[in-house]
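Okay, structure first, notes after.
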Amino acid sequence: MKAPKNYQPAEIEGKWYDYWESKGFFHSEPDGRTPYTIVIPPPNVTGILHMGHILNNTLQDVLTRRARMSGLNACWVPGTDHASISTEAKVVAMLREKGISKSDLTRDRFMEYAWEWREKYGGIILKQLRTLGASCDWQRTKFTMDADMSESVIKVFVDLHGKGLIYRGVRMVNWDPAARTALSDEEVIHRETQGKLYYLRYMIEGGDGYVVVATTRPETILGDVAVCVNPADGRYAALRGKRVTVPLVNRSVPVIEDDYVEVEFGTGALKITPAHDVNDYVLGERFSLETIDIFNDDGTMNDRVGMYVGQDRFAVREQIAKDLEAAGLMERVEDYTNKVGYSERTGVAIEPKLSMQWFLKMESLAKPALEAVMDDTVRFVPAKYKNTYNHWMSGIRDWCISRQLWWGQRIPAYFLPATAGGGYVVAETPDEALKLAREKSGDAALALADLRQDEDVLDTWFSSWLWPVSVFDGIRNPDNADIKYYYPTNDLVTAPDIIFFWVARMIMSGLEYRGGRPFGAVYFNGTVRDKFGRKMSKSLGNSPDPLDLIARYGADGVRLGMMLSTSAGNDIMFDEAMCEQGRNFGNKIWNAWKLVESWRDGAVAGAQPESARLAGEWFEAALSKALAQIDADFAEYRISDALMTTYKLFWDDFSGWYLEIVKPAYGAAIDPATLARAIDFFERLLQMLHPFIPFVTEELWHCTRERSADDCVTVSSMPTAAEQRPEPLARFDLMREAVTAIRAIRRTRNIPMRDAIDLKVAADENYPAELAPVLSKMAGLASIEPVSAKAPDWDAFIVKTTQYFVPVGAAFDRDAELEKLRGELKYQQGFLATVMKKLSNERFVASAPPAVVAAEQTKRADAEARIAALEQRMGSI
RNA sequence: GGGUGCUUAGCUCAGUUGGUUCAGAGCAUUACCUUGACAGGGUAGGGGUCACUGGUUCGAAUCCAGUAGCACCCACCA
């Protein structure tokens, strides 16, 4: 196959993905090879691709493709998450547009709508990942609400309940009034919020005067049951044992004393609303106070107190402030900034609410999971996240796992009728539940219809925490071939913001259900920000559409752009220029091939020039060095470094030097040996590049020679590093320096490359004589002749310790040359002085390692040689 | 309020246990080049008091302390 004339990413990318997939290259089954497994962080089933996905999935694809080419059995399991709150919210919104209210529907009917919605809009993101080139094993695609996945979740719930780790109870939880469900602590985001501090007067009973209480939430006075002061606060000593009247509500409440109250803050007097504040709840329990819940589930006022009924909490706040003012009970109002909790999903302010929920005890699960990370059984990259993890795991609290939603796995708890003694049973199936219920109640006549299943579903994370196990069916069938082969997975690539939601809990469940870590390493990728460092968001409109970027720069270009500037744990400042750089690199690869291809078409039999042979030896060593470096980079998850090494190898060493050296003169043909070697190098480079830039490398792979249908770079074997040979590389670098210096002379003397020039060399051990043919070709030399260091009026330069001269005839400027030499001499003398200072320092010689002292002595010898050469030259011109 | 991390060239970042010319890379930038793969390119350059202050050391971008700024995480001061 011959490459089209120009590099047009859009023209080549589409076909290759379909081809790879049709060949089944991405599908994995257990076999004799070592597995390499990644499970995708499942995106929301109704989500669409954003820049964060591009970063996250490109990283996974690079790792997966590299593993696949390295002889491992690579398996990247894709899938989606049912995301119960946000998906249910979307379905509710969709129904509302149709004029249907969720409350008008039965649970079953709602679920039908939700599944329909998922069928229609779910999984778009998985198609988009194909566009990016993600080499997932699509035959293994999972959804957290697939029947088998849900079964696993239920099985785990039942198991943990049986172990006594799951309990049900009334607790103060984070209530989301928009989604009308409880949330876990992790789903609450605390943000500084500009508010007001209201100072309210509570009249003292049986006397005159009042006590002033400061609050940010005056609407909650409807639920006040006490006023609390610090017993050590002398100002309020007279209040001891008194009662006060809640403003407007006119409820008589006691004054209680507790040192929880800060004397310094506000007025030192605190109103107590046990139903709507976590701390107040604690105090309420301590003092056996009543709890008065004043809100409906949606954040409006209920009829418990009979005031402001049905009005929203924030409207009530404004109204009640006015009413208090009118009643003369408002002392003053101050601007005040405090932290308020918001729902991670709906964005509304969280309402602390007392309610009956299911909880998972975390302590015993967390302990081994903490150890696994601290001792690097699970390696965190970068390691700094171990601190974060440690901190959270050490102070972990129980996990509220119930949600008042329908979209999700329904909690498998079945309540017995009061007539059968009440209580509940937990079971994987209704039949099992009935059996247990009959045993529990002793009532053999109990029917399924008598049991009432819990209405709540489980937190989405209660299914995704099983992901690395459940995608291989390791919960239901713990001994199946897949789980035994693929588990534990190798790398997890994810964002640090879900370290607690997901990563920590997967480690817990993996240890609990597989007895071992779920993955060997966790690579945390940073947040994608715009070039000003701002988070990408819809409201700012600063997030580019990834598909649009791919259309303009190619998936290859976008991937490269991302990988060029990402290091683990660091945010990525995205700039479209990065994609441009990526596309330009694709173009470079393309055109390099076009050059080689043009030689192939005109090759004729002939002997290999010495310069080409030497270049081949050198590039072989350079390639091997790069391979070793790349291996080291990947071992440390330094993906961008690995890419940069490959990038420079291709652009600078291969294109800039190797191809230029072996390039035949204009109109001349190439010899077969050189051509074969050039193609061989090019193919190996394609393989090294492929994990990063899969499409163009596959296209060109099929250009370098005739290939069978299955012969794709995607499934080829990655080249491996040969024994390292630093010597030839160092010699080549000396030669390159000479070439650069000669080019500089050409530039200053205005000598074009087509005019061959003569080079004189005062050869010493640092002169790479064996590379003379290469030097000659790259510098455009007519001849290279030995010369004594005593040089006449020629331009000169020194490489390491070797003196080179270029006769430039009348163009030689003696004064300018002397000036240059004086400058150079001064620099060298200064350098020598610093070296001598060290060497003459007895303490340095005594305490520095011998190798360092020896190095300084070498520096001294080299500097002295250069100075001698410079002085000699200054004397001779 | 507590914790963690960061601050190196215009931008994005490397710099592993202090010591080879350690002050680097890519991009951007400057000059020149309409040369025969590629102007999405080539060649040759310029550019930094390593945030600040003190300390340890023969020697500090690197270790220690403090200061300033930034980021993130955790936390029940109404």
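Any value given below was found using the heavy atoms of this structure, including those in side chains, with hydrogens, waters and symmetry copies removed. Naming: A, B, ... by sequence-line order, numbering from 1 per chain.
Regarding A:I189, its CD1 atom lies at a distance of 9 Å from the P atom of B:rC73, rounded to whole Å. Put simply, CG on A:N230 is 12 Å from C1' on B:rC77, counting in whole angstrom units. As rounded to whole Å, 14 Å separates atom C1' of B:rC13 from atom CG of A:L643. Distance, A:D862 CG to B:rU20 P: 15 Å, rounded to whole Å. For the pair A:D641 CG and B:rC27 P, the interatomic distance rounds to 15 Å; values are reported in whole Å. Remark: C1' of B:rC77 and CG of A:D277 are 10 Å apart, rounded to the nearest angstrom. Taking atom CG of residue A:N6 and atom P of nucleotide B:rA37, one finds them 15 Å apart after rounding to whole Å. Distance, A:L283 CG to B:rA78 P: 14 Å, rounded to whole Å.
Taking the side chain of A:S655 as heavy atoms from C-beta on, and the options B:rA14, B:rG26, B:rA37, the nearest nucleotide is B:rA37. The side chain of A:N387 lies closest to B:rU4 when the candidates are B:rU4, B:rA14, B:rA37. Here the nucleotide nearest the side chain of A:M573, chosen from B:rA44, B:rG19, B:rU12, is B:rU12. Relative to the side chain of A:Q581, the nucleotides B:rC77, B:rA37, B:rC27 differ in distance, and B:rC27 lies closest. Comparing atom distances between the A:K588 side chain and each of B:rC76, B:rA37, B:rC72 picks out B:rA37 as nearest. Distance from the side chain of A:F265 is smallest to B:rA78 among B:rA78, B:rA14, B:rA37. Ranking B:rG41, B:rC76, B:rU12 by closeness to the A:R397 side chain, first place goes to B:rC76. Nearest nucleotide to the side chain of A:Y647, out of B:rC38, B:rG45, B:rG26: B:rG26. The side chain of A:D652 approaches B:rG26 more closely than any other nucleotide in the set B:rG45, B:rC38, B:rG26. In the set B:rG40, B:rC74, B:rG15, B:rC74 carries the atom at the smallest distance from any side-chain atom of A:K339.
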Item to complete: Could you please spell out the steps behind the side-chain hydrogen bond (donor to acceptor under 3.5 Å, both in side chains) verdict for A:Q629 and A:D633?
Response: CA-CA 6 Å; A:Q629 182 60 52; A:D633 288 338; 3.1 Å; yes
Worksheet entry | Worked check of side-chain hydrogen bond (donor to acceptor under 3.5 Å, both in side chains) between A:T740 and A:E737 | CA-CA 5 Å; A:T740 297; A:E737 269 188 62; over 6 Å; no
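Base pairing annotation: B:rA68 forms a Watson-Crick or G-U wobble pair with B:rU7, both donor-acceptor distances under 3.5 Å. Using N1 to N3 plus N6-O4 or O6-N4 for Watson-Crick, or N1-O2 and O6-N3 for G-U wobble, each under 3.5 Å, B:rG59 pairs with nothing.
The pair A:E864-A:R860 counts as a salt bridge, with a side-chain nitrogen and a carboxylate oxygen less than 4.0 angstrom apart.
Both A:V261 and A:Y666 lie close to RNA chain B; mapped to their nearest nucleotides by heavy-atom distance, the more 5′-ward contact belongs to A:Y666. Where A:R217 and A:W651 each meet RNA chain B at their nearest nucleotide, the meeting point lying more 5' is that of A:W651.
Judged by atom type and distance alone, A:K594 does not reach the base of B:rC38 through any side-chain donor-acceptor pair under 3.5 Å. Judged by distance alone, with hydrogens and angles left aside, A:E580 brings no side-chain donor or acceptor close enough to the base of B:rA28 to form a pair under 3.5 Å.
Rounded to whole Å, the C1' atom of B:rA68 lies 11 Å from the corresponding atom of B:rU53. Here the separation of B:rG36 from B:rU12, taken at their C1' atoms, is 37 Å to the nearest Å. A gap of 37 Å separates the C1' atoms of B:rU56 and B:rA75, to the nearest Å. Atom C1' of B:rC6 sits at a distance of 15 Å from the matching atom of B:rC52, rounded to the whole Å. Comparing the P positions of B:rC72 and B:rG66 gives an interatomic distance of 24 Å, to the nearest angstrom. Separating the C1' atom of B:rU7 from that of B:rU67 is a span of 13 Å, rounded to the nearest Å. For the P atom pair drawn from B:rG45 and B:rA25, the interatomic distance equals 13 Å after rounding to whole Å. Separating the C1' atom of B:rG47 from that of B:rG5 is a span of 29 Å, rounded to the nearest Å.
The side chain of A:N279 contributes no N or O atom lying less than 4.0 Å from OP1 or OP2 of B:rC77. In this model, the phosphate group of B:rU4 is not approached by any side-chain N or O of A:Y389 to a distance below 4.0 Å at OP1 or OP2. One finds a side-chain N or O of A:K663 lying less than 4.0 angstrom from the OP1 or OP2 phosphate oxygen of B:rA37. Contact annotation: A:N570 side-chain N/O to B:rA14 OP1/OP2 distance is under 4.0 Å. Phosphate proximity of B:rU43 to A:R736: absent, as no side-chain N or O sits under 4.0 Å from OP1 or OP2. At the phosphate of B:rU43, neither OP1 nor OP2 sits under 4.0 Å from any side-chain N or O atom of A:R747.
Within the nucleic acid shown, A:Y336 comes within 4.0 Å of sugar-phosphate atoms alone, with no base atom in reach, counting heavy atoms only. Residue A:A214 is in base contact, counting any heavy-atom pair closer than 4.0 Å across all strands shown. As judged by a 4.0 angstrom heavy-atom cut-off over every strand, A:R860 is placed among residues making no nucleic acid contact. No contact: A:Q857 has no heavy atom under 4.0 Å from any strand. At a threshold of 4.0 angstrom between heavy atoms, the contacts of A:N338 are confined to the sugar-phosphate backbone, with no base atom among them. At the heavy-atom level, A:Y385 lies nowhere under 4.0 Å from the strands shown. Residue A:E186 is out of contact with every strand shown, counting any heavy-atom pair closer than 4.0 Å.
Atom NZ of A:K777 is surrounded by more than 12 heavy atoms from other residues, nucleotides or ligands within 6.0 Å. Counting non-hydrogen atoms of other residues, nucleotides and ligands closer than 6.0 Å to CD of A:Q194 gives a total above 12.
A:E257 and A:Y236 are not linked by any side-chain donor-acceptor pair at a separation below 3.5 angstrom, with hydrogens and angles left out of the test.
In this structure, A:R286 contributes its side chain and A:V282 its backbone to no donor-acceptor pair below 3.5 Å.
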